[in-house]
Amino acid sequence: MKNTSLKSWQGITCVIGLDWGDSGKGRLIDDLSSRADIVARYSGGSNTGHTVKNKYGKFAMHIMPSGIFNQKAQCLIGRGVACDLESLIEDEMAQLQKAAISWKNLIIDEQASLTMPWHKLRDGLREEFRLKKIGTTKRGVGPTYADRIERVGLRIKDLMSSDFKDKLFEEVKIQNKFFNLKLNPTQIYRRYLKFSKLLKPYVGQTIPIVKNAQNMGKNILFEGTQGSLLDVDFGTYPFVTSTNIGVIGIWRSFNLHPSEINHVIGISKAYSTRVGAGPQPTKLDGEKRQIIIEKGQEIGTTSGRTRDPGWLDLVIIRAAAEFNKLTALAITKLDVLTGFKKIKVCTSYKINDKTVEYLSGDAQFLAKCQPVYKEVDGWREDLSKIRQFKKLPKNAQNYIKIIEKLVDVPVKFISVGPNRGEVIYL
Ligand code: GDP
Ligand code: IMO
Ligand code: MG
């Protein structure tokens, strides 16, 4: 990988968020998908919000793979995705239809779980009753996965079967009773019957498609969601989402072992952001916070909440790089840091003057960590037209080199604007 440019990537590649999501995965997938034969979503649900800006317009994808704009690639939604059909059909397909983008190459795995109206209601209710709120997106993702693990969730396969009505009515009865809801099964049935007719041509078995493509040496691009610190095991429980968002998620969706992946690209902004509750050691306040929110337009793609910005946290990035065995780093939004006289980067943590490493799965521990910073000089030049690393201002080059050195993974992609192609390949 060391000497390979992502511009000419080949084989099996995945994109994984490193800290708390919203790092530009949608745009990276859109940029890389021109070489993909397959683009596959393997985790998350409509909590995901992937922004793509290209010649067709600006889009917010939640369930639909961000590779859908490469009409030659087959787009897959794996069994590990929580399928919110209200989002997929009424929002995302509507966005695509408006821009005359076809989804004829889409296949949704028949084993994928359905996010149903009761999951969204339960997500909201649970959050209301939590003493310490997680700040979920209320998209029903946690309850969808909980029901799958409990073996009571409906799947795409059920929606397509002739006894869907019976299954649905039975489940609504149970949900109403257990959770004191007032759901009307007939109304839900009518809506989902429409969905099932619309989706029928796009339902199939995705695992053999991936296997065949792999055997034929085709290029497969896996689109991750969220970020490692939101992984249900690796992240700061309970301030996490409800799935494995790293390489294990690919295995769970597509039976493809992590050792079969050629390029594992970890993606982070040039700074950090977090939306929802939970510790963020490098969180900024004051004027710098406002500058980053405004310049970076740090408003959540899914929930419209303001994201909390912080300096780049290399302790977390290093831990996530090790956890996912990254082969390359993608750093986005470098342009947003333009204009800062000094930029800080967190290189280690201390608790009571003792240096500590990130401890997986422990929110209380991370909340106690004090960041230790390295301060570097910033730059003033506009980066948006730069396409070669050596043309970047020296201080921006230096910033990237520090990241590369401290994480010990080569930076292979830098973005300097939100649009397709506003990138530097190394
Ligand atoms: P994702 O969830 O990882 O796909 O990221 P989001 O789409 O939720 O958030 C990333 C935001 O940053 C989106 O609004 C993108 O359009 C924007 N963005 C991505 N890359 C860049 C970049 O290099 N520069 C700037 N200024 N904006 C970017
Ligand atoms: P993308 O793919 C940022 C956060 C929520 C909340 C926590 C749990 O766009 O990077 P959930 O609704 O999953 O139960 O919420 O996880 N969260 C995200 N934050 N980007 C995302 O996805 C997120 N998906 C979930 O804000 O803190
Ligand atoms: Mg997002």
Side-chain angles (χ1 to χ4, degrees), residues 15-31 41 43-54 58-63 65-66 81-82 84 115 119-120 122-124 126-127 130 133-146 223-232 235-243 245 267-280 292 294-308 330-338 363 382-384 386 413-424:
V15 168
I16 290 174
L18 296 179
D19 47 13
W20 294 283
D22 299 331
S23 45
K25 297 176 291 294
R27 72 86 37 86
L28 175 58
I29 294 288
D30 182 53
D31 275 298
R41 258 290 292 274
S43 57
S46 60
N47 51 353
T48 295
H50 289 181
T51 314
V52 174
K53 273 177 135 181
N54 56 27
K58 182 180 176 186
F59 305 87
M61 297 290 105
H62 302 283
I63 307 279
S66 302
V81 175
D84 171 357
T115 294
H119 294 126
K120 293 183 187 178
R122 277 165 49 194
D123 197 354
R126 198 71 171 99
E127 190 66 359
R130 268 189 192 108
K133 303 207 184 303
I134 293 174
T136 77
T137 56
K138 300 190 182 159
R139 294 301 192 104
V141 174
T144 305
Y145 287 126
E223 176 173 1
T225 57
Q226 288 83 40
S228 285
L229 266 277
L230 291 172
D231 182 286
V232 66
T236 47
Y237 189 92
F239 304 105
V240 290
T241 189
S242 301
T243 34
I245 60 95
I267 180 167
S268 169
K269 288 175 196 169
Y271 47 95
S272 78
T273 60
R274 176 162 206 170
V275 60
Q280 181 187 10
I292 293 187
E294 272 160 42
K295 278 189 76 179
Q297 300 195 352
E298 294 302 346
I299 306 296
T301 313
T302 298
S303 60
R305 295 172 293 177
T306 300
R307 301 170 182 145
D308 288 320
I331 302 295
T332 58
K333 302 185 99 162
L334 191 62
D335 54 303
V336 175
L337 292 185
T338 296
D382 172 30
L383 307 185
S384 61
I386 297 176
F413 179 100
I414 300 167
S415 74
V416 288
N419 297 296
R420 183 191 273 181
E422 288 180 333
V423 301
I424 297 168

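Indexing begins at 1, ligand by ligand and atom by atom, following the structure's order. Because the structure is a prediction, the values reported are computed rather than measured. In what follows, residues are counted from 1 in the order of the sequence shown.
Of the options Met61, His62, Glu223, a side-chain contact (heavy atoms from CB on, under 4.5 Å) to Arg41 is made by Glu223 and by none of the others. When each of Glu422, Arg27, Arg420 is tested with Ser415 by the rule side-chain contact (heavy atoms from CB on, under 4.5 Å), just one qualifies, namely Arg27. Of the residues Thr137, Thr241, Asp123, Thr225, the one that meets the side-chain hydrogen bond (donor to acceptor under 3.5 Å, both in side chains) test with Asn47 is Thr241.
With ligand atoms numbered from 1 in the order given, ligand 2 contributes 8 (C), 27 (O) to contacts under 4.0 Å with heavy atoms of Ile134. Residue-ligand proximity, Ser23 to ligand 1, at heavy-atom distances under 4.0 Å covers atoms 1 (P), 3 (O), 5 (O). Atoms of ligand 2 lying under 4.0 Å from at least one heavy atom of Gly276, given by number and element, are 27 (O). Near Ser415, the atoms of ligand 1 lying under 4.0 angstrom from a non-hydrogen atom of the residue are 20 (N), 21 (C), 22 (C), 23 (O). Shown in contact with Arg305 at under 4.0 Å from a heavy atom are these atoms of ligand 2, numbered in order with element: 5 (C), 26 (O). Distances below 4.0 Å separate heavy atoms of Gly49 from the following atoms of ligand 2: 1 (P), 9 (O). Applying the 4.0 Å criterion to heavy atoms of Thr241 picks out, from ligand 2, the atoms 11 (P), 13 (O). Close approach of ligand 2 to Thr48 is summarised as follows: ligand atoms under 4.0 Å from at least one heavy atom of the residue are 2 (O), 9 (O), 22 (O). Near Gly417, the atoms of ligand 1 lying under 4.0 angstrom from a non-hydrogen atom of the residue are 21 (C), 22 (C), 23 (O), 24 (N), 25 (C). Close contacts of ligand 2 with Thr225, meaning ligand atoms under 4.0 Å from a residue heavy atom, involve 2 (O). Short contacts between ligand 1 and Gly26, defined as distances under 4.0 Å to a heavy atom of the residue, involve ligand atoms 4 (O).
Here the heavy atom of the protein found nearest to atom 22 (O) of ligand 2 is Gln226 NE2, 3.5 Å. Annotation: atom 5 (C) of ligand 2 to nearest protein heavy atom, Gly135 O, 3.6 Å. Of all protein heavy atoms, the one closest to atom 20 (N) of ligand 2 is Asp22 OD1, 3.1 Å. Val275 O, 3.2 Å is the protein heavy atom nearest to atom 27 (O) of ligand 2. Residue, atom and distance of the protein heavy atom nearest to atom 10 (O) of ligand 2 are Lys25 NZ, 2.7 Å. With respect to atom 12 (O) of ligand 2, the closest heavy atom belonging to the protein is Thr137 OG1, 2.6 Å. Of the protein's non-hydrogen atoms, the one nearest atom 16 (O) of ligand 2 is Leu230 CD2, 3.6 Å. Among protein heavy atoms, the minimum distance from atom 8 (C) of ligand 2 is reached at Val240 O, 3.4 Å. Regarding atom 24 (N) of ligand 1, its nearest protein heavy-atom neighbour is Asp335 OD1, 2.8 Å.
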Check the pair Thr136 / Arg130 against side chain to side chain contact (heavy atoms under 4.5 Å, CB included), numbers first and verdict last.
CA-CA 11 Å; Thr136 77; Arg130 268 189 192 108; 4.0 Å; yes
Please lay out, stage by stage, how Thr48 and Gln226 fare under the test side chain to side chain donor-acceptor pair (under 3.5 Å).
CA-CA 7 Å; Thr48 295; Gln226 288 83 40; 3.1 Å; yes
With side chain to side chain contact (heavy atoms under 4.5 Å, CB included) as the test, would you mind laying out the steps for His50 and Thr301 before giving the verdict?
CA-CA 7 Å; His50 289 181; Thr301 313; over 6 Å; no
Test log, rule salt bridge (charged side-chain N to carboxylate O under 4.0 Å, His left out), inputs Glu298 and Lys269
CA-CA 11 Å; Glu298 294 302 346; Lys269 288 175 196 169; 2.9 Å; yes
Could you walk me through whether Trp20 and Thr273 pass side chain to side chain contact (heavy atoms under 4.5 Å, CB included), step by step?
CA-CA 7 Å; Trp20 294 283; Thr273 60; over 6 Å; no
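A salt bridge links Lys120 with Asp84: the closest approach of a Lys/Arg side-chain nitrogen to an acidic carboxylate oxygen falls below 4.0 angstrom.
Atom CD1 of Ile267 sits about 4.5 Å away from atom CG of Leu28, to the nearest 0.5 Å. Distance check, rounded to the nearest 0.5 Å: NZ of Lys138 to OG1 of Thr302 gives 14.0 Å. Distance check, rounded to the nearest 0.5 Å: CG of Asp19 to CG of Leu229 gives 6.5 Å.
The Mg ion (ligand 3) lies at 2.8 Å or more from every N, O or S atom belonging to Gly26.
With distances taken over non-hydrogen atoms, the option nearest atom 5 (O) of ligand 1 out of Gly24, Gly300, Gly224, Ser268 is Gly24. Among Lys333, Lys269, Gln297, Lys58, the residue whose heavy atom sits closest to atom 11 (C) of ligand 1 is Lys333.
Looking only at N/O/S atoms, Asp22 comes nearest to the Mg ion (ligand 3) through OD1.
Looking at Arg307 against ligand 1, only its side chain comes within 4.0 Å, counting heavy atoms. With a 4.0 Å cut-off on non-hydrogen atoms, Phe239 does not touch ligand 2 at all. At a 4.0 Å heavy-atom cut-off, ligand 1 touches Thr301 through the side chain alone. With a 4.0 Å cut-off on non-hydrogen atoms, Thr51 touches ligand 1 through its backbone as well as its side chain. Contacts between Ile267 and ligand 1 below 4.0 angstrom, taking non-hydrogen atoms only, are absent altogether.
Residue contacts with ligand 1 do not include Gly17, since none of its heavy atoms lies under 4.0 Å from the ligand.
Backbone and side-chain nitrogen or oxygen atoms of Arg27 are examined, and one is located within less than 3.5 angstrom of a nitrogen or oxygen of ligand 1. Taking distance alone, with nitrogen or oxygen atoms compared against 3.5 Å, Gly21 stays at or beyond that limit from ligand 1. For a threshold of 3.5 Å applied to N or O pairs, the pair formed by Gly49 and ligand 1 contains at least one separation below that value. On a distance-only criterion, His50 and ligand 2 share at least one N/O pair closer than 3.5 Å. Ligand 1 has no nitrogen or oxygen under 3.5 angstrom from a nitrogen or oxygen of Gly296. Residue Asp22 places at least one N or O, backbone or side chain, under 3.5 Å from an N or O of ligand 1. Not a single N or O atom of Leu334, backbone or side chain, sits closer than 3.5 Å to an N or O atom of ligand 1. Among the atoms of Asn47, some N or O lies under 3.5 angstrom from an N or O of ligand 2.
Of the possible donor and acceptor atoms, none in the side chain of Lys333 sits under 3.5 Å from a partner among the backbone N and O of Ser23.
Across all non-hydrogen atoms, the minimal contact from Ala82 to Ile63 is O-CD1, 3.3 Å. Considering every non-hydrogen atom in both Asp22 and Gly49, the closest pair reads OD1-O, 4.2 Å. A pairwise comparison of heavy atoms in Gly140 and Thr115 identifies O-CG2, 4.1 Å as the closest pair.
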